[in-house]
Student: 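The structure under discussion is supplied below as structure tokens; questions concerning it will follow.
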Amino acid sequence: MQGKALPGFRDFYPEELALRNHIFATWRAVATRYGFEEYDGPPLEALDLYTRKSGDEIVQQLYAFRDKGDREVALRPEMTPTLARMVAARAQALKKPIRWFSIPQLFRYERQQRGRLREHFQLNMDIIGEASALADAELIAAAIDILRAFDLGPQDVRARVSDRRVLRALLMGAEIAEGQLPAALAVIDRSERVPKNVLEEMLKESGYGKRETAAVFAVAELRGIGDVSAALGNVRGGEEAGEPLRQAIAALEAMGLAEFVTVDLTIVRGLAYYTGIVFELFDAAKELRAICGGGRYDGLLAAFGGTDLPALGFGMGDVVLGELLKERGAAPKASTELGAFLIAVSGGEDLTTVLRLAHALRDRGVPVEYGLRHSGVRKQLELASARGAARAVIVGPEERAAGVAVVRDLKAGTEAKVPLEHLLNGFFD
RNA sequence: GUGGCUGUAGCUCAAUUGGUUAGAGCGCCGGACUGUGGCUCCGGAGGUUGCGGGUUCAAUCCCCGUCAGCCACCCCA
């Protein structure tokens, strides 16, 4: 079929744009409430900004091409490299910690599925220059509060929090060698989706024995800060490794968000650059993909050639969130709310009065519409109602002679005669 | 990138084992209704059945290819 957008790209008809605007407005409101400042960067970047730090996998999924100036360029697939570049350029001048957010449109050439397109908008919130676990808690709280602002509660969404340092301490405490960690992480990451025998096979291929395999599964099954702390108590360096996670969880409890939060070590996050606490937010039924994901990436800024600042952040896409809101019926319906629809009973003087009235009301900020082509009162009322106008203002020869207009409340169906003078000043009664 | 399922008006679906002008409801436009809406009735527009090829006297239906959508994997945003 022709006349459609490219695969994985969306047309935003008014109804869909209303939802998108609603999402953006809520994102901005909560981010601002947390003291974050908005920034943006270019949607097109030099290709090597991504090839330098990301793996081949990412590079294959890039929308990349050579521009007319013979530069290798790419549409941005994520915001973090741009952020790192911008912060690095002014690292000395910016007061720390930096709290910034952005709502970039990101692009990735992938086979599309539900909740995964080739383009999406993603709120990014990052804190740079703060190593304290309170910063981790702050970001997780912001992510949860965004969902609360959409009227979603703990029965709708959950945050699952883990920490790579904890995972590492537990696994190495079970005498799993450094070089064998990636296999364990891969298995833990998949432990809820892949059958156990397949996972055992994966570990076996990586040289795991019975005892080590059992240890990996034991770690994957830990839930809650209590269990995790207890397990950490049995391994060398465990106490220390668990401290940031304990602090972050305690902070979230103090904020009253405990019922949203679960400590769950199966949250690994794919990206190799995460170094500490990582988290994801899911719909409670887990029917959809993750709504949001993020964590601490302390080494990354230095890797981009900047100052070595600790950093953390998360991304929250508009696609999965939009699906969730539509499912919950939490999406807004109308994009504009008309204050009044003006109706001229006949042409001539009635219309002149309607035009004068319309302009006066618009000058006062009242959204107003009227029929652009003359038709019967019935037709015009129909249009007024279809437009979702709150009221219709009917102007006919009789009313004009009396210096009034009929104001009809379209929801209640009641009518009143209102002096034209009132209407011209923006009053409907 | 790999595999599976699906593809008929804007939307939801029909069309006897392949059978000739592909239908309906909703929506849209117009009318009944000439100073009062959301009802009702009537009429209209809108499809080269995703596209291309093949089999057949005949294809929406069967076969192949392709494109698109969905699902799983991969990967994660």
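Note that these values count all heavy atoms, side chains included, but never hydrogens, waters or copies made by symmetry. In this text, all values refer to a predicted model and were calculated from it rather than measured experimentally. Throughout, a chain's letter reflects where its sequence line sits, starting with A, and its residues are numbered from 1.
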Student: Write down the distance separating the C1' atoms in B:A22 and B:A15, rounded off to the nearest Å.
Tutor: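 Taking atom C1' in both B:A22 and B:A15, they lie 7 Å apart.
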Student: P atom, B:G19 versus B:C71: distance in rounded Å?
Tutor: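 B:G19 and B:C71 have their P atoms separated by 33 Å.
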Student: Could you run down the sub-3.5 Å N/O contacts of the protein with nucleotides 1-6 of chain B?
Tutor:
| residue | atom | partner | partner atom | Å |
| --- | --- | --- | --- | --- |
| B:U2 | O4 | A:Arg111 | NH1 | 3.2 |
| B:G3 | O6 | A:Arg111 | NH1 | 3.1 |

Student: Do A:Asp264 and A:Thr262 have a side chain donor and acceptor closer than 3.5 Å?
Tutor: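 Note: A:Asp264 and A:Thr262 side chains miss the donor-acceptor criterion.
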Student: For the pair A:His22 and A:Phe150, name the ring-plane relationship: parallel under 30°, tilted 30 to 60°, perpendicular over 60°.
Tutor: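 Perpendicular, since the angle between the ring planes exceeds 60°.
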Student: Kindly state whether the ring of A:Tyr370 and the ring of A:Phe341 have centres lying under 6.0 angstrom apart.
Tutor: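 Judged by ring-centre distance (under 6.0 Å), A:Tyr370 and A:Phe341 do not meet the cut-off.
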Student: Which nucleotide, in any strand shown, forms a Watson-Crick or G-U wobble pair with B:G25, with both distances under 3.5 Å?
Tutor: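 Pairing partner, where one exists within any strand: B:C11.
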Student: Separation of A:Tyr50 atom OH from B:A77 atom C1', in whole Å?
Tutor: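 These atoms are roughly 13 Å apart.
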Student: Check for a donor-acceptor pair, side chain of A:Arg364 on one end and backbone N or O of A:Leu424 on the other, with a separation under 3.5 Å.
Tutor: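 Yes; at least one donor-acceptor contact below 3.5 Å.
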Student: So, applying salt bridge (charged side-chain N to carboxylate O under 4.0 Å, His left out) with A:Arg296, which one of A:Asp163, A:Asp136, A:Asp126 is it?
Tutor: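 Exactly one candidate clears the test, A:Asp136.
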Student: Roughly how far apart, to the nearest Å, are B:G1 and B:G44 at atom C1'?
Tutor: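 Looking at atom C1' only, B:G1 and B:G44 are 50 Å apart.
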Student: Under 3.5 Å for both donor-acceptor distances, Watson-Crick or wobble: does B:U17 have a partner, and if so which one?
Tutor: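 Paired with B:U17, as far as the under-3.5 Å criterion goes, is no nucleotide at all.
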Student: May I ask you to say what A:Gly115 touches in the nucleic acid, namely base, sugar-phosphate or nothing, with a heavy-atom cut-off under 4.0 Å?
Tutor: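 Since no nucleic acid heavy atom lies under 4.0 Å of A:Gly115, the category is nothing.
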Student: Between C1' on B:A77 and CD on A:Glu280, what's the gap in Å once rounded to a whole number?
Tutor: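 Distance, rounded to whole Å: 11 Å.
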Student: Under 6.0 Å from the ring centre and within 45 degrees of the ring axis: does the NZ or CZ of A:Arg20 meet both conditions for the six-membered ring of A:Phe12?
Tutor: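 Because its charged atom sits under 6.0 Å from the ring centre and within 45° of the axis, A:Arg20 does stack over A:Phe12.
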Student: Calculate the interatomic distance between A:Leu62 atom CG and B:C75 atom C1'; express it in whole Å.
Tutor: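 Distance check: A:Leu62 CG to B:C75 C1' gives 13 Å.
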Student: In the strands shown, is B:C51 matched to any nucleotide by a Watson-Crick or G-U wobble pair with both distances under 3.5 Å, and which?
Tutor: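 When the pairing criteria are applied, B:G65 turns out to be the nucleotide that pairs with B:C51.
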Student: Please lay out, stage by stage, how A:Ser102 and A:Glu38 fare under the test side-chain hydrogen bond (donor to acceptor under 3.5 Å, both in side chains).
Tutor: CA-CA 5 Å; A:Ser102 190; A:Glu38 186 165 6; 5.6 Å; no
Student: Sugar-phosphate atoms are those with a prime plus P, OP1 and OP2; base atoms are the rest. Using that split, label each nucleotide of nucleotides 33-47 of chain B B, S or - for protein heavy atoms under 4.0 Å, 5' to 3'.
Tutor: B-BBBB---------
Student: What's the gap between B:G25 and B:A9 when it is taken at their C1' atoms, as a whole Å value?
Tutor: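 The answer is 12 Å between these two C1' atoms.
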Student: Sort out for me which residue in A:Ile394, A:Asp429, A:Leu423 forms a side chain to side chain contact (heavy atoms under 4.5 Å, CB included) with A:Val407.
Tutor: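 The side chain to side chain contact (heavy atoms under 4.5 Å, CB included) with A:Val407 is passed solely by A:Leu423 among A:Ile394, A:Asp429, A:Leu423.
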Student: Which nucleotide, in any strand shown, forms a Watson-Crick or G-U wobble pair with B:G3, with both distances under 3.5 Å?
Tutor: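 Paired with B:G3, as far as the under-3.5 Å criterion goes, is B:C71.
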Student: Within 45 degrees of the axis of the six-membered ring of A:Phe282 and under 6.0 Å from its centre: does A:Arg160 put its NZ or CZ there?
Tutor: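 Flagged: A:Arg160 positioned over aromatic ring of A:Phe282.
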Student: Rounded to whole angstrom, note down the P distance from B:U66 over to B:C5.
Tutor: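 The answer is 15 Å between these two P atoms.
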Student: Would you classify A:Arg76 as touching base, sugar-phosphate or nothing, given that sugar-phosphate means primed atoms plus P, OP1 and OP2, and contacts are heavy atoms under 4.0 Å?
Tutor: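 Counting heavy atoms under 4.0 Å across all strands, no contact is made by A:Arg76.
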Student: Each nucleotide N or O in nucleotides 25-31 of chain B that has a protein N or O under 3.5 Å away: list the pair and distance.
Tutor:
| residue | atom | partner | partner atom | Å |
| --- | --- | --- | --- | --- |
| B:G30 | OP1 | A:Arg373 | NH2 | 3.0 |

Student: Rounding to an integer number of angstrom, what distance separates B:C26 and B:C63 when you compare their P atoms?
Tutor: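 These two P atoms come out 36 Å apart once rounded.
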Student: Heavy-atom count around A:Phe9 CZ within 6.0 Å, excluding the residue itself: above 12?
Tutor: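 More than 12 heavy atoms, drawn from other residues, nucleotides or ligands, come within 6.0 Å of this atom.
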Student: Just name whichever nucleotide pairs with B:G46, Watson-Crick or G-U, keeping both distances under 3.5 Å, else none.
Tutor: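 Across any shown strand, B:G46 pairs with none.
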Student: Cut-off 3.5 Å, side chains only: do A:Gln105 and A:Arg76 have a donor facing an acceptor?
Tutor: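 Short answer, no.
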Student: Is it true that the NZ or CZ of A:Arg118 lies under 6.0 Å from the centre of A:Tyr109's six-membered ring and within 45 degrees of the ring axis?
Tutor: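 Judged by the rule (NZ or CZ under 6.0 Å from the ring centre, within 45° of its axis), A:Arg118 counts as positioned above A:Tyr109.
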Student: Between A:His120 and A:Phe107, does the ring centre distance come in under 6.0 Å?
Tutor: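 No, the ring centres sit 6.0 Å or more apart.
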Student: NA contact type, A:Leu6, heavy-atom cut-off 4.0 Å: base, sugar-phosphate, or nothing?
Tutor: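 It contacts nothing in the nucleic acid.
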Student: What integer number of Å spans the P atoms of B:A59 and B:G50?
Tutor: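 Their P atoms lie roughly 15 Å apart.
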Student: Provide the distance between the two P atoms, one in B:C51 and one in B:C42, to the nearest whole Å.
Tutor: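 Going atom to atom, P in each nucleotide, I get 33 Å.
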Student: Going by purine N1 to pyrimidine N3 plus the second Watson-Crick contact, or the G-U wobble pair, all under 3.5 Å, which nucleotide sits opposite B:A32?
Tutor: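 Answer to the pairing question: B:U40, which forms a Watson-Crick or G-U pair with B:A32.
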